[in-house]
Amino acid sequence: MTLGDAAGVGPEVALKAIHAERHRLNARILLLGPASFYQDLSKKLGLRMRFETIRDLAEWETRPPFFPCHFSEPMPEKIIRGRPDRRLAALAVESIRLAARLALEKSVDAVVTPPVNKASLRKAGFSIPGHTEFLAELSHVKNYDMMLVGGGLRVALVTRHLALKDVSKHLTRDRVEKTILLTDRELRRSFGIRRPRIVVCGLNPHAGEEGRFGSEEIKVIAPAVQSARKKTHANLIGPLSPDALFHDAYLGKYDAEICMYHDQGLIPLKMISRGHGVNVTLGLPFVRTSPDHGTGYDIAKAFIADAGSMAEALHLAVRVCQNRKRYDRSHSRN
């Protein structure tokens, strides 16, 4: 569990979720932040939790009364919750770097990331679009995508953090096809679905209506779907009009929905999942999940953040790890 932005609700929901789910999680959790910080925060939250710094990960096995923390950087003496702080942004980045290193070394099976504030990161001098891109860079991975899971939906995004006016020019056949095939692979390996049913959204109203409202479906999306069909046995449907397909998706007709831009997928998912959505990064060499909300500066001082999404992120990380291990074992025998 990385530190997240200590001025926001990330560490708060992390401790709330760990405390609430600790007996139901089939996993050991390592906190990548200072023990003294978590101890002080747990007192403010009224949680009976004890934390201790471990220098060597071999100690992780031998401290059952304590929640282990592994982080060498000191925190500022005074933290003003609800306000961006360059020092805290730098610590959040250092914690992410440490998590990626431990995961790549296979010292941990999964990384769960509380939210960071992108504006705060920019002010601190970090040109990081988000966790997804940064973890891919640290892992030297080129083919990766963002998937949001919740309310029975699994939404994969062809484009992520782009202005709406720029989406069309970033849609290419290759990019759409890669998202379809990566989603197919991860549904099999990470979610245990043998023959995925994947629906692809159009970009324009009514999926372009045969070119009347735009040509992206004809020139880009449909050819990408056709090409992907030659490379997988998954059941690929689309491009379809998003305003219609999400009702069928909600009823369980599909295993994943390929969306052309951020809000096309996240609006229905967040509405349906009701604060329990989870962000999953596809394509990394390790499992990464996170809650689907931001740093919540506006409520950070009140300590009232709902930890439901973080709890779901923890449980999903465990399930994905288990599914991947089963998948890898079965395919190594074959």
Side-chain angles (χ1 to χ4, degrees), residues 129-130 132-133 136 141-188 191 193-272 277 279-283:
T132 301
E133 296 83 1
V141 168
K142 300 296 183 184
N143 187 22
Y144 62 93
D145 274 307
M146 177 190 293
M147 173 181 279
L148 278 294
V149 178
L153 304 182
R154 298 184 187 93
V155 169
L157 304 180
V158 176
T159 65
R160 294 177 293 275
H161 300 116
L162 283 177
L164 193 56
K165 64 181 177 62
D166 296 328
V167 169
S168 179
K169 62 187 177 186
H170 282 85
L171 283 183
T172 64
R173 294 185 189 184
D174 182 63
R175 192 163 185 169
V176 174
E177 182 181 345
K178 281 183 177 179
T179 300
I180 294 171
L181 295 176
L182 180 56
T183 300
D184 172 40
R185 190 188 95 186
E186 292 285 6
L187 289 173
R188 297 170 192 271
F191 293 90
I193 300 170
R194 292 189 176 183
R195 189 172 183 238
R197 302 163 301 167
I198 301 173
V199 65
V200 181
C201 295
L203 173 68
N204 298 296
H206 307 293
E209 207 167 282
E210 298 184 359
R212 182 180 178 189
F213 302 130
S215 61
E216 288 85 357
E217 287 78 11
I218 296 171
K219 295 180 178 179
V220 176
I221 303 172
V225 174
Q226 291 291 345
S227 179
R229 283 197 180 108
K230 300 174 184 177
K231 301 173 184 177
T232 177
H233 296 296
N235 184 11
L236 302 183
I237 305 103
L240 300 182
S241 179
D243 65 347
L245 74 82
F246 274 107
H247 179 261
D248 288 337
Y250 176 66
L251 295 177
K253 189 173 180 179
Y254 311 117
D255 296 308
E257 302 76 41
I258 307 295
C259 297
M260 297 302 113
Y261 59 94
H262 187 278
D263 284 9
Q264 186 180 61
L266 267 63
I267 288 173
L269 183 134
K270 289 191 174 187
M271 181 180 69
I272 294 168
N279 187 338
V280 183
T281 304
L282 308 181

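Here, residue 1 is the first one in the sequence, and each next residue gets the next number. Every value quoted in this text rests on a predicted model; they were computed, and no experiment measured them.
Here the closest non-hydrogen pair linking Ala156 and Thr179 is CB-CG2, 4.3 Å. Closest approach of Leu187 to Pro196, counting heavy atoms only: CD1-CB, 3.5 Å. Here the closest heavy-atom approach between residue Ile272 and residue Gly151 is recorded as CG2-O, 3.3 Å. In terms of heavy-atom proximity, Asn204 sits nearest to Gly214 at ND2-CA, 3.6 Å. The heavy-atom pair separating Val155 from Gly265 by the smallest distance is CG1-CA, 3.5 Å. Across all their heavy atoms, Asp184 and Ala234 have their closest contact at OD1-CB, 3.5 Å.
Within the 4.5 Å cutoff, no side-chain heavy atoms of Leu162 are placed close to those of Tyr261. Looking at Met146 and His161, their side chains come closer than 4.5 Å, going by heavy atoms from C-beta outward. Counting only heavy atoms from C-beta outward, the side chains of Val200 and Met260 approach each other to under 4.5 Å. At a threshold of 4.5 Å between non-hydrogen side-chain atoms, the residues Arg212 and His206 do not count as touching. No side-chain heavy atom of Leu153 sits less than 4.5 Å from a side-chain heavy atom of Leu148. Residues Thr159 and Arg175 form a side-chain contact, since some pair of their non-hydrogen atoms from C-beta on lies under 4.5 Å apart.
For the atom pair Leu203 CG and Gln264 CD, the distance stands at 7.0 Å (nearest 0.5 Å). Here Leu266 contributes atom CG and Leu157 contributes atom CG; the two are 6.0 Å apart, rounded to the nearest 0.5 Å. Residue Phe246 holds its CZ atom at 8.0 Å from CG of Leu269, rounded to the nearest 0.5 Å. Distance check: Leu236 CG to Leu181 CG gives 8.0 Å after rounding to the nearest 0.5 Å. Atom SG in Cys259 sits 10.0 Å away from atom CE in Met147 (nearest 0.5 Å). Distance check, rounded to the nearest 0.5 Å: CG of Leu171 to CD of Glu217 gives 9.0 Å.
Counted by atom type alone, Asp243 and Ser241 present one or more donor-acceptor pairs between their side chains at under 3.5 Å.
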Decide yes or no on side chain to side chain contact (heavy atoms under 4.5 Å, CB included) for Arg185 and Asn143, but give the supporting numbers first.
CA-CA 12 Å; Arg185 190 188 95 186; Asn143 187 22; 5.6 Å; no
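For Tyr250, the OH atom is loosely surrounded, since the number of other residues' heavy atoms within 6.0 Å does not exceed 12. In the displayed structure, Lys270 atom NZ is contacted under 6.0 Å by more than 12 heavy atoms of other residues, nucleotides or ligands.
Here the side chain of Arg173 pairs no donor or acceptor atom with the backbone of Val220 at under 3.5 angstrom. With hydrogens and angles ignored, the 3.5 Å screen pairs a side-chain donor or acceptor of Glu257 with a backbone N or O of Arg154. Arg197 places no side-chain N or O within donor-acceptor distance of the main-chain N or O of Asn235, the cut-off being under 3.5 Å. With hydrogens and angles disregarded, no donor-acceptor distance shorter than 3.5 Å links the side chain of Glu216 to the backbone of Gly202. Between the side chain of Ser215 and the backbone N or O of Gly211, no donor-acceptor pair lies under 3.5 Å.
A salt bridge is defined here as a Lys NZ or Arg NE, NH1 or NH2 lying under 4.0 Å from an Asp or Glu carboxylate O, and Asp145 with Arg160 meets this definition.
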